[in-house]
Amino acid sequence: MFEVDPLACPTCRGAMRLVAFITQAAVIDQILTPLCTRAAHAAHADERSPPSTRAPASRGTARAPRPFADAPPVP
């Protein structure tokens with residue numbers, strides 16, 4: 001059983017029908033290559049270095065965290 005019905009329209013949930021099967025490898029490659037390229041690019045777009053574990057040398061003592069704006073006052 002599918003979690004998502006592959007033959008249900010994602011917009012209106014109406015029934016879709018198969019129109020054709022693509023069996024030629026060259027045509028499949030032409031369709032999938034741009035999709036794979038975009039997916040790979042999107043996956044790497046958010047990559048960055050991890051935060052530094054060293055404290056900055058010019059800073060003094062650590063500040064206490066500020067409470068949330070809607071938090072009750074601390075006694």
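Computed from heavy atoms alone, side chains included, the values below leave out hydrogens, waters and symmetry copies.
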| request: Please name all residues satisfying side chain to side chain contact (heavy atoms under 4.5 Å, CB included) with Val19, sequence neighbours left out, ordered by chain then number. | output: none
| request: List in chain and number order the residues that pass side chain to side chain contact (heavy atoms under 4.5 Å, CB included) with Cys9, two or more places apart in sequence or in another chain; answer none if no residue qualifies. | output: Thr11, Cys12, Met16
| message | To check you understand the geometry: which heavy-atom pair defines the closest contact between Ile28 and Thr23, and what is its length? | response | CD1-C, 4.3 Å
| note | Between Gln30 and Pro34, the two heavy atoms sitting closest are O-CD, 3.2 Å
| Cluster question for you: counting only ILVMFWY and a side-chain heavy-atom cut-off of under 4.5 Å, with indirect links fine, are Phe21 and Ile31 together? | no
